Amino acid sequence: MITDALPRVFWTDRPGPAAYPALTEATTADLLIVGGGFTGLWAAVLAKQENPACDVVLVEAERIAFGATGRNGGFIADSITHGLTHGAHRWPGEIDLLLAIGRENLAAIAAFVAENNIDADLRLCGKTTAAVAPHQVAELRAAEKRHRDHGEDATFLDAGEMRTDVHSPTYLGGLRLRGTGGLVDPVKLAWGMLRVAEDLGVRFYEHTRVTGMERSGSSVRVPTVHGMINAGQVLVATNAFPSPLRRLNNFVLPVWDYVLMTEPLDAGQRASLGWAEAQGITDGGNQFHYYRLTADDRLLFGGYDAVYNFRGGGSDQRPESHALLARHLLETFPQLEGVRATHRWGGLIDSTSRFTPFFGTAMGGRVAYALGYTGLGVGASRFGALAGLDLLARRETRRTGLKMVRRPPVPFPPEPIRWPVVEFTRRALARADANEGRRGPWLRLLDRFGIGFDS
Ligand SMILES: Cc1cc2nc3c(=O)[nH]c(=O)nc-3n(C[C@H](O)[C@H](O)[C@H](O)COP(=O)(O)OP(=O)(O)OC[C@H]3O[C@@H](n4cnc5c(N)ncnc54)[C@H](O)[C@@H]3O)c2cc1C
């Protein structure tokens, strides 16, 4: 299936906007944004909408949407806490507010897309979580109640109902959520945001890597490869990449996640899946897949392997992970035997120890950062950008009052300890999946310290 797949990202392997020139001389900015993914793009748009006179400059080391923004599955969630269950466990006293903010955030994204005529195939079709191991059935039944208790449209489906909806022999049950997110073409969204930001007067420089940052009087001096920027304020939106603000690297674990995209399914293949609503699907478990159809009926299939390499090394090509995905795709949909993958790629997930983003300031409040969405940032990045702008403006808002915004996560240990600890934890999670979800002593210890994920 993957022999002929191009080692490229499908989403960006399409005609897009012309490249912006790199910065080659000194310049100034009222607000400098470092990183041209969703967080940086939202920050640029929102800052300009709030204050059109603000001179906003965005610099990107590669191309706009080079990072996770251009490589993701396009699941767009209304949760800013990596899911209701996780958020409720971490911040039980704030979960209702977190949910409300998340819902408003998604509604604002949908309104922005509509108002600006962005053709990003945004469909708020909800999602389904599939149980593929017996213990996940009970977990999803419990999750149905939890979602309903918080006013969400959740329906538990037994194996027969699941398989009638989407024809996979792997399903033992499922949870259909409606009205809580959906799917988007991430790069068409990013390119649409780029157009809006440019119309608002944001200046863009691509192939312009920031190499450091230092306070200088009332501003911040930000060297890039070919030119210095003197900025009044800086928003760091570099996600899983080594940050120009070095301290952030203690909190972010760059984890590789891999994806396959098939050729467009023919009418027979498409019909063989059922899947009338074409909603996004994830399966349960600590190691999970996510999969979805595109506007032209390709199947995107990703996840399962989450790879952290020593000192954060690795690349967006990992043949063994792509081969495993191909095998799992056919186990999920044996009727697609013979389908070809046209693209295979990987991207960096910015994992934090608490699985949610974090925020803060540096250099006397002139620099703020928003990062660490841990693989669920397509929607949450707008919230992240707003929280970052709040911090720069030193204003107290509903966002900045949240514990998630005020408190940092537990840092990861440095190398050479980091890799063995992460690997040990990864194996413990795989053992829990194989052991009916039962978490061993190591995971229970991490849980007690608020480290890890509660789905
Ligand atoms: C394979 C994969 C699948 C995913 N699937 C989903 C999904 O289905 N749903 C979901 O909600 N989330 C998903 N995510 C996560 C989501 O894509 C991210 O949370 C989101 O895109 C983060 O946006 P960002 O702008 O913060 O980071 P990024 O998009 O990574 O942007 C950071 C940018 O900063 C630039 N940069 C870094 N260092 C510098 C520097 N020194 N100078 C200048 N520029 C710099 C980078 O080149 C990069 O373009 C997925 C992620 C991956 C990798």
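Just so it is clear, the model here is predicted, and its values are computed rather than measured. Note that ligands are numbered from 1 as they come in the structure, with each ligand's atoms numbered from 1 the same way.
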Verify side-chain contact (heavy atoms from CB on, under 4.5 Å) between Leu325 and His289, making sure each step is shown before the conclusion. CA-CA 9 Å; Leu325 281 173; His289 305 93; 4.2 Å; yes
Can Arg63 and His207 be said to form a side-chain contact (heavy atoms from CB on, under 4.5 Å), step by step? CA-CA 6 Å; Arg63 297 288 316 272; His207 298 297; 3.5 Å; yes
Val255/Leu348 under side-chain contact (heavy atoms from CB on, under 4.5 Å): CA gap, chis, key distance, verdict: CA-CA 5 Å; Val255 173; Leu348 280 177; over 6 Å; no
Please assess Val56 against Leu58 for the test side-chain contact (heavy atoms from CB on, under 4.5 Å), listing each intermediate value before the final yes or no. CA-CA 7 Å; Val56 179; Leu58 188 153; 5.7 Å; no
Are Arg311 and Glu415 close enough, and set up right, to give a salt bridge (Lys or Arg N to Asp or Glu O under 4.0 Å), and what steps lead you there? CA-CA 7 Å; Arg311 292 197 197 287; Glu415 296 289 14; 5.8 Å; no
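Numbered from 1 in the order shown, with element, the atoms of ligand 1 that lie under 4.0 Å from a heavy atom of Arg209 read 41 (N), 42 (N). Distances below 4.0 Å separate heavy atoms of Thr208 from the following atoms of ligand 1: 43 (C). The contact set between ligand 1 and Ile349, taken as ligand atoms under 4.0 Å from a residue heavy atom, comprises 51 (C), 52 (C). The atoms of ligand 1 that sit less than 4.0 Å from any heavy atom of Phe66 are 47 (O). Short contacts between ligand 1 and Gly375, defined as distances under 4.0 Å to a heavy atom of the residue, involve ligand atoms 6 (C), 10 (C), 12 (N), 13 (C), 14 (N), 15 (C). Below 4.0 Å from some heavy atom of Gly347 lie the following atoms of ligand 1, by number and element: 53 (C). Here is the list of ligand 1 atoms found below 4.0 Å of a heavy atom in Gly37: 25 (O), 29 (O), 31 (O). Contact atoms of ligand 1 toward Val259: 1 (C) (distance under 4.0 Å to a heavy atom of the residue).
The closest side-chain heavy-atom distance from Tyr291 to His328 is not below 4.5 Å. Put simply, the side chain of Phe38 reaches to within 4.5 Å of the side chain of Met193, judged on heavy atoms.
The six-membered or imidazole ring of Phe333 lies away from that of Phe301, with a centre-to-centre distance of 6.0 Å or more.
Ligand 1 lies less than 4.0 angstrom from a heavy atom belonging to Gly74.
For atom 22 (C) of ligand 1, the nearest non-hydrogen atom of the protein is Asn239 ND2, 3.8 Å. From the protein, the heavy atom lying nearest to atom 11 (O) of ligand 1 is Val378 N, 2.9 Å. Of the protein's heavy atoms, Ala61 CB, 3.7 Å lies nearest to atom 45 (C) of ligand 1. Closest to atom 49 (O) of ligand 1, if we only count protein heavy atoms, is Glu60 OE1, 2.7 Å. For atom 16 (C) of ligand 1, the closest non-hydrogen atom of the protein is Gly377 N, 3.9 Å. At the top of the distance list for atom 36 (N) of ligand 1, counting protein heavy atoms only, stands Thr238 CG2, 4.0 Å. Here the protein heavy atom with the shortest distance to atom 6 (C) of ligand 1 is Asn72 CB, 3.4 Å. The nearest protein atom to atom 42 (N) of ligand 1, hydrogens excluded, is given as Val210 N, 2.9 Å; this is a heavy-atom distance.
Paired with Thr85 under the rule side chain to side chain donor-acceptor pair (under 3.5 Å), one option of Glu139, His147, Arg146, Arg90 passes, and it is Arg146.
Arg427 CZ: 12 or fewer foreign heavy atoms inside a 6.0 Å radius.
Of the N and O atoms on the side chains of Tyr20 and Glu198, at least one donor lies less than 3.5 Å from an acceptor on the other residue. No side-chain donor from either of Ser243 and Tyr369 sits under 3.5 Å from a side-chain acceptor of the other. No donor-acceptor contact under 3.5 angstrom links the side chains of Thr400 and Asp390, judged on distance only. Checked by atom type, the side-chain pair Arg354/Thr356 shows a donor-acceptor distance below 3.5 Å.
Contacts between Thr69 and ligand 1, counted as non-hydrogen atom pairs separated by less than 4.0 Å, involve both the backbone and the side chain. Contacts between Leu348 and ligand 1 below 4.0 angstrom, taking non-hydrogen atoms only, involve the backbone exclusively. Heavy atoms of Ala237 found under 4.0 angstrom from ligand 1 belong exclusively to the backbone. Within the 4.0 Å heavy-atom criterion, neither part of Leu371 lies near ligand 1. Under 4.0 angstrom from ligand 1, there are no non-hydrogen atoms of Ser381. The residue Tyr258 has no part lying near ligand 1, judged by heavy-atom distances below 4.0 Å.
In this structure, of Phe75, Tyr373, Tyr205, Phe38, the residue bringing a heavy atom nearest to atom 7 (C) of ligand 1 is Phe75.
The main-chain N or O of Trp345 is found under 3.5 Å from a side-chain atom of His322 such that the two form a donor-acceptor pair.
Residue Gly73 places at least one N or O, backbone or side chain, under 3.5 Å from an N or O of ligand 1. Among the atoms of Tyr290, none of the N or O lies under 3.5 angstrom from an N or O of ligand 1. Taking only nitrogen or oxygen atoms, main chain and side chain alike, Ala240 does not reach within less than 3.5 Å of ligand 1. In terms of polar-atom proximity, Arg71 is not counted as a contact of ligand 1, lacking any N or O under 3.5 Å from an N or O of the ligand.
The pair Arg71-Glu62 does not count as a salt bridge, with every side-chain nitrogen at least 4.0 angstrom from each carboxylate oxygen.
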